[in-house]
Amino acid sequence: MKSIRVFLVTVILSIITLFIFVAALKGYQSSMAEANRLFDRQLLDTATLIANLHTENAVARFHQDSTIAFQVWRRNELIAASDNAPDTRIASFEPGFGFNNFAGYRWRTVTYFNSLSEDWVMAAERTDLRNALAEEVILEAVWPVLLGLPVVGLLIWLIVSRGLRPLRQFADELGSKQADDLSPLTYHAAYQELSQIGQSSNRLLKRLETSLLREKQFASDAAHELRTPISTLKVQLHNAQQDATADNKNIKELRDSTDRLGHIVEQILDLYRSSPDQFNANFKRVDLSALAQEVVALKYPLFETKNQQVTFSGEPCYLSGDHFALTTLLQNLLGNANKYTPPSGHISVSVHQSEHCITLTIEDNGPGIPEDERKSVFQRFYRVGGDRHSTGEHGCGLGLAIVKHIVELHDASITITDSRFETGTAFVVSFPLIRSSGL
Amino acid sequence: MLLSSVILVLQETLEAALLVSLLLAASQQLSHKMSWVIYAIGGGLAFSLVYALEIGHVSEWFEYTGQEIVNASLQISVTLLIAICTWVLVRGWTPENRQRAGFRSSLFTQLAAATVMLAITREGSEVLIYLIGFYPIKDVFHTVTVGSFIGLGIGISVGVLIYFGIMGLQGRWQKNTMVSLLALFSGKMVSQASLQLNQADWIPSTPVGWDSSSLLSEESLTGKLLYALIGYEATPALAQIAAYAAGVILILITAIIASRVQAESRSASV
């Protein structure tokens, strides 16, 4: 993921480095040129001085200084020279500056003509030494600029981090919102740059809240409104079957369809009742083990119809939960196990407590759920294999969505794994333990 | 001395920074991964140190032309890897294209890491050989270090700006800019390799193709920067010109073929 902070820091630092370093180079070049002009002037002064000294004095004076070489020529004859000067002339008989190579070095030379004595004075200075001296002086000025760069980098990092803090806090405000909290955001108000995004987000939240409310209201109202005619329809169908002279196949199918319709309506109602933003939870201390046994007993006729073997294992495990919601959860999971386990199949229910959590496991030896579909089964109206489920069982695809809601309500987690039977699925729900300060 | 060291280090750093920026921008498009570049640069620097320390032995190979031959081999290897990177880049520009071509998501980063590592091995070794050469001369080494630091700073800064410049481009513009710059970079690599092989007498000397020093001298700052970025030379030999053209054409043809194969594959699947 791209980072605004990394982008700003690297680009700003790169631009600053580029300009500072190029400026340092330009400064170095200008300073070197100025230093060379100074050295040249000094060399010319030296040549003038030699011209005005008696040649013996000049030889004695510059004898020890190996960085300066000189020659004094009169009528094409060398009349005086420093020890380090060669026998041949070190510069041309033209007043001015030049370069020459002798004694293993490159030299800057100057020729000075003394019109009084008609002497040609040629002085030379080693370029490597004068460059080294100039560089030493200039580098002293360049060093602080280079050493200051990490400090500049750190300052940029801190300033950019400070500058991005409102954005981070705005993101935190958004991130810390609960699923059901659609109240307007407030943090952006103080910052001009965040104002637009804050206002747009608030408008979006408002629209979202309105449409969610409309959706909930519609589903709830529709389910409520459908309940009564379905119940009436069931009674009418029962009466019609009583009155029918023979066993009417059409009436039986009509009753089955009505039962399914009734089930879907109940499930829709359960789904909206159990959604975290709707549910008015009444958390109490609940023995999950006892509740599981109760629901198994309640559902027993269904298991018996298919001649399924249900086993239970567990010990009393107390958690903080809503009795009604947990009952719905168990009913849905056991209902699914009953539906998808073949006749004479096995279903196992267990409730155990470990150091960290209470685990409810419901396993069966049904056809199982393919691994790539295990996450999707908790979506509303999702059915494994679509409407062509291999078991041929009918369903509306809401049961596990309701289970997921209830799991979220209890801060629990649910996973689907392979069951310990040869085939089948295991639903494992892990509930947090009651905290000592709790119930 | 300071200017010489700035220019030497800047040339090598710019060359590496351009390659790293291009491949990093491409890997952002292809796999959104960046960590490979740290390993590639680290590996390249480690290899360059070994190469610089062993340069004496390496030089003795192939009848004392070992350094030229190894450098040329590294440059040609980098060019071939760039060609493969270009193929993967053009063929797998979008996730759908990559899926259709059967490319793993890590394929490009592995190729890019190998390319950067080889390039840095050669360029880093040149800088290290230069620094090691001056190390015993304490007075000069101080100046050389400052110069190298300035050259490194400018090179990396330009590299970062090139990277963000490329990242700022969109879609086809971004891809075409990457491919064009990779082609110029490859041209430079092959041209340098031909020069090295000529120095080793593996290929004959050829006449100078042109002399543009009056227009832009190689010794000017602009000339040196252009040399580092696209391999500008004021008086190139004909063999160098041919090698440069071969490097550029190799990448452009690879990109064109990859693009056509991609188009055919897309129309076949439709």
Side-chain angles (χ1 to χ4, degrees), chain A residues 1-36 67 105-106 126-153 156-157 160, chain B residues 1-11 13-14 17-18 20-21 24-25 27-29 31-35 37-38 134 137-168 219-222 224-225 228-229:
Chain A
M1 193 180 287
K2 290 173 189 170
S3 158
I4 297 174
R5 188 202 314 233
V6 170
F7 168 75
L8 288 175
V9 172
T10 47
V11 169
I12 293 172
L13 194 59
S14 297
I15 291 171
I16 288 177
T17 307
L18 199 59
F19 276 93
I20 284 181
F21 283 10
V22 170
L25 276 184
K26 278 284 169 197
Y28 168 84
Q29 276 181 310
S30 312
S31 304
M32 281 299 277
E34 188 56 40
N36 277 322
T67 64
Y105 294 101
R106 186 158 179 79
R126 271 171 58 182
T127 54
D128 60 325
L129 294 178
R130 62 192 275 177
N131 282 345
L133 187 63
E135 271 185 346
E136 199 179 330
V137 174
I138 296 160
L139 282 181
E140 290 303 318
V142 172
W143 261 120
V145 178
L146 302 187
L147 293 176
L149 204 63
V151 180
V152 172
I156 292 172
W157 179 268
V160 168
Chain B
M1 188 50 69
L2 184 118
L3 271 184
S4 314
S5 52
V6 168
I7 286 163
L8 185 130
V9 175
L10 179 59
Q11 280 181 343
T13 314
L14 258 187
L18 177 66
V20 170
S21 304
L24 198 60
S27 77
Q28 274 283 292
Q29 166 67 24
S31 66
H32 302 286
K33 283 179 187 163
M34 293 181 86
S35 56
V37 82
I38 297 165
F134 279 107
I137 316 163
K138 292 292 173 200
D139 295 341
V140 181
F141 185 69
H142 176 242
T143 310
V144 167
T145 312
V146 175
S148 305
F149 188 63
I150 292 176
L152 191 72
I154 295 175
I156 292 173
S157 302
V158 172
V160 169
L161 296 177
I162 289 174
Y163 169 76
F164 283 113
I166 293 170
M167 291 302 287
E219 297 308 312
S220 68
L221 189 63
T222 316
K224 285 181 189 298
L225 284 176
L229 287 170

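Naming convention: chains lettered A, B, ... in sequence-line order (proteins, then strands); numbering from 1 in each chain.
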So, the part of A:Q29 with a heavy atom under 4.5 Å from chain B: the answer is side chain
Tell me whether [X] at atom [atom1] has more than 12 heavy atoms from other residues, nucleotides or ligands lying less than 6.0 Å away.
{"X": "A:E136", "atom1": "CD", "result": "no"}
{"X": "A:I4", "atom1": "CD1", "result": "no"}
{"X": "A:Y105", "atom1": "OH", "result": "no"}

d(A:L25 CG, B:L10 CG) to nearest 0.5 Å is 8.5 Å
Separation between CD1 (A:I138) and OG1 (B:T143), nearest 0.5 Å, reads 10.0 Å
Applying a strict 4.5 Å limit to non-hydrogen atoms, the region of B:M167 in contact with chain A is side chain
Cut-off 4.5 Å, heavy atoms of chain A, and the answer for B:F164 is side chain
- Message: Side chains of A:T17 and B:I154, heavy atoms from C-beta outward: is any pair under 4.5 Å?
- Response: no
Could you go through residues 6-13 of chain A and list every donor-acceptor pair under 3.5 Å that involves a side-chain atom there, pairing it with any protein atom two or more places apart or in another chain?
unit_1	atom_1	unit_2	atom_2	d
A:T10	OG1	A:V6	O	2.5
A:T10	OG1	A:F7	O	3.2

